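Naming: A, B, ... by sequence-line order, numbering from 1 per chain. Bear in mind that the values here come from a model prediction, so they are computed numbers and not experimental data.
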There are 2 protein chains.
Amino acid sequence: MKKQEELFLDYLTRKRLKNTSQRMIILKAFLRQDSHLSTEDFYLQLRKKHPGIGYATVHRTLKLFAECGIAAERNFGDGQMRFEVRHDNEHHDHLVCTECGRIIEFENQQIEQLQLDVAQKHNFFIKDHRLELYGLCQACFSNDQGNI
Amino acid sequence: MKKQEELFLDYLTRKRLKNTSQRMIILKAFLRQDSHLSTEDFYLQLRKKHPGIGYATVHRTLKLFAECGIAAERNFGDGQMRFEVRHDNEHHDHLVCTECGRIIEFENQQIEQLQLDVAQKHNFFIKDHRLELYGLCQACFSNDQGNI
DNA sequence: TCGATATTGAAAACGGATTTCAAAATACAG
DNA sequence: CTGTATTTTGAAATCCGTTTTCAATATCGA
Ligand SMILES: [Zn+2]
Ligand SMILES: [Zn+2]
Ligand SMILES: [Zn+2]
Ligand SMILES: [Zn+2]
């Protein structure tokens, strides 16, 4: 059993929540995909195999995943909530192509450290942060150049 | 006349838009405040002196400000659009206190440069970015400690 | 097994952004 | 100055993703 599954089941027990078939189906589907899907897109994909599961349940379950730490909630400014699987406690930030929607993940320890420095300088206690670089991925940049 | 006023008037001319009393009132009110107000809050504040101006007009005008570059549109993840005055072409990022809502601005050239490095490494063309550090400002952190 | 409790799915409600539309204001050519 | 085409306005309606409601159903521990 995957580590995330255990974490989720533990969370259910701890909070005296129930282990339902829907939750298990959604959990497995969520862990299987590895993307930054909006609730809507994830629901549409899931529905193909499990038409009985409602949007509300998907939404509530994804929020549970975020609460117990196996999912990260993302918001790339397009008004859609997105979720991705969290692996261990690794952290990363994102390059977001505004043309094709492609998401590239990156990790930069120097930036992370500088964020801490900034916070310290302002006596600020960081709980979370958000860093996104918006622009064009290589493919879309080439296309744009070509079309001029 | 402030530089921003000129920029806005130029923009109106260029786009063949009209110079209305509402737009001028909103412009002056916007330049006078220096905060990160949501459309709603700005509207409520403006309404005290100018009860005749409608929310839709305020909303549309703030968007115009963003288009012509005298306002920056912000989104601190609370589902409210926020606007702040842009001074020249300076850029800054934000520390956001999740307890009291206080916003602290900062500028860190090293972080900015590292972002460019990251983008280059991924052959990505940056058009914009977003960096926010969420947590507790000094006052709220002290309070929280005191209440344990 | 029973019964208290939690969960489900459909539909409704919510909340902020945006659009609609008819009346009013503006720009500008004559 | 007009007159008129065009834009803008404010109120209300609409949009659209998120969240809640609620009655029926499922879970699970005693
Ligand atoms: Zn980071
Ligand atoms: Zn990611
Ligand atoms: Zn920056
Ligand atoms: Zn700012």
Side-chain angles (χ1 to χ4, degrees), chain A residues 8-30 36-68 71-83 101, chain B residues 8-30 36-68 71-83 101:
Chain A
F8 183 58
L9 293 176
D10 284 358
Y11 184 76
L12 293 183
T13 309
R14 192 146 29 90
K15 293 268 182 171
R16 288 173 226 291
L17 303 176
K18 291 176 180 172
N19 183 343
T20 66
S21 64
Q22 289 94 332
R23 281 176 178 164
M24 288 311 114
I25 289 168
I26 295 170
L27 176 62
K28 285 184 197 305
F30 178 66
H36 302 79
L37 288 185
S38 66
T39 309
E40 177 75 12
D41 289 345
F42 179 66
Y43 165 70
L44 291 176
Q45 200 170 297
L46 184 77
R47 196 168 67 168
K48 293 176 194 163
K49 299 256 177 176
H50 301 279
I53 296 182
Y55 181 89
T57 301
V58 170
H59 168 264
R60 288 183 287 226
T61 305
L62 288 172
K63 299 227 89 172
L64 275 185
F65 293 167
E67 274 168 44
C68 78
E73 208 172 317
R74 303 290 186 182
N75 168 0
F76 294 146
D78 61 354
Q80 301 259 124
M81 196 175 268
R82 289 162 189 280
F83 293 86
Chain B
F8 183 58
L9 293 176
D10 285 357
Y11 184 75
L12 293 184
T13 308
R14 192 147 28 91
K15 293 268 181 171
R16 288 171 225 290
L17 303 176
K18 292 176 179 172
N19 183 344
T20 67
S21 63
Q22 289 92 334
R23 282 177 177 163
M24 288 310 115
I25 289 168
I26 295 169
L27 175 62
K28 284 182 195 309
F30 178 65
H36 302 78
L37 288 185
S38 65
T39 308
E40 177 75 12
D41 288 346
F42 179 67
Y43 166 70
L44 291 176
Q45 198 169 299
L46 184 76
R47 195 168 68 169
K48 292 177 195 163
K49 299 255 180 179
H50 300 280
I53 297 182
Y55 181 90
T57 300
V58 170
H59 169 264
R60 288 184 285 226
T61 305
L62 289 172
K63 300 227 90 174
L64 275 186
F65 293 169
E67 274 168 45
C68 77
E73 206 172 317
R74 304 289 187 182
N75 167 0
F76 295 146
D78 62 352
Q80 302 257 126
M81 197 176 266
R82 289 162 190 278
F83 293 87

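Taking 4.0 angstrom as the limit, A/T57 places a side-chain polar atom (N or O) nearer than this to OP1 or OP2 of C/dG9. Taking 4.0 angstrom as the limit, A/Y55 places a side-chain polar atom (N or O) nearer than this to OP1 or OP2 of D/dT18. Taking 4.0 angstrom as the limit, A/Q22 places a side-chain polar atom (N or O) nearer than this to OP1 or OP2 of C/dG9. For B/R23, no side-chain nitrogen or oxygen approaches OP1 or OP2 of D/dT7 to under 4.0 Å. Applying the 4.0 Å criterion to OP1 and OP2 of C/dT18, one finds that B/K63 has a side-chain N or O inside that range.
B/R60 contributes a side-chain N or O that forms a donor-acceptor pair with the base of D/dG10 under 3.5 Å.
Atom C1' of nucleotide D/dT9 and atom CG of B/L12 are separated by 15 Å, given to the nearest angstrom. Between the CZ atom of B/R16 and the C1' atom of D/dT7 there is a distance of 13 Å, given to the nearest Å. The distance from atom CD of B/E73 to atom P of C/dG16 is 16 Å, rounded to the nearest whole Å. Here the P atom of nucleotide C/dA17 and the CZ atom of B/F42 are 14 Å apart, to the nearest Å. The interatomic distance linking A/R82 (CZ) with D/dG17 (P) rounds to 11 Å, in whole Å. Spacing between atom CZ of B/R47 and atom P of D/dA11 amounts to 10 Å, rounded to whole angstrom units. Straight-line distance from the CG atom of A/L9 to the C1' atom of D/dT27: 15 Å, rounded to whole Å. Between A/L64 atom CG and C/dT8 atom P there is a gap of 9 Å when expressed in whole angstrom units.
Residue B/A56 is the one, among B/A56 and B/T20, whose nearest nucleotide of DNA chain C lies closer to the 5' end (criterion: closest heavy atom). Along DNA chain C, the nucleotide nearest B/L17 and the nucleotide nearest B/H59 are compared for position; the residue whose nucleotide lies closer to the 5' end is B/H59.
Under the 6.0 Å cut-off for aromatic ring centres, B/F65 and B/F83 do not qualify, their centroids lying 6.0 Å or more apart.
If you check D/dT18, C/dT8, D/dT8 against the side chain of A/M81, the one that comes closest is D/dT18. Counting only heavy atoms from C-beta on, A/T39 has its side chain closest to D/dT18 among D/dT18, D/dG10, D/dC28. The nucleotide whose nearest atom lies closest to any side-chain atom of B/K18 is, among C/dA17, C/dT8, D/dT6, D/dT6. When distances are taken from the side chain of A/I53 to each of D/dC28, D/dG17, C/dG9, the shortest belongs to C/dG9.
Counting only heavy atoms from C-beta outward, the side chains of A/L9 and A/L27 never approach each other to under 4.5 Å. By the 4.5 Å heavy-atom criterion applied to side chains, A/I26 and A/V58 are counted as neighbours. Using a 4.5 Å heavy-atom threshold, the side chains of B/L12 and B/R23 count as touching.
Counting non-hydrogen atoms under 4.0 angstrom, B/Q80 reaches the backbone sugars and phosphates but no base.
Interatomic distance, NE2 of B/H59 versus CZ of B/F42, reported as 13.0 Å (0.5 Å rounding).
Shortest non-hydrogen contact noted between B/G54 and B/Y43 is C-CE1, 3.7 Å.
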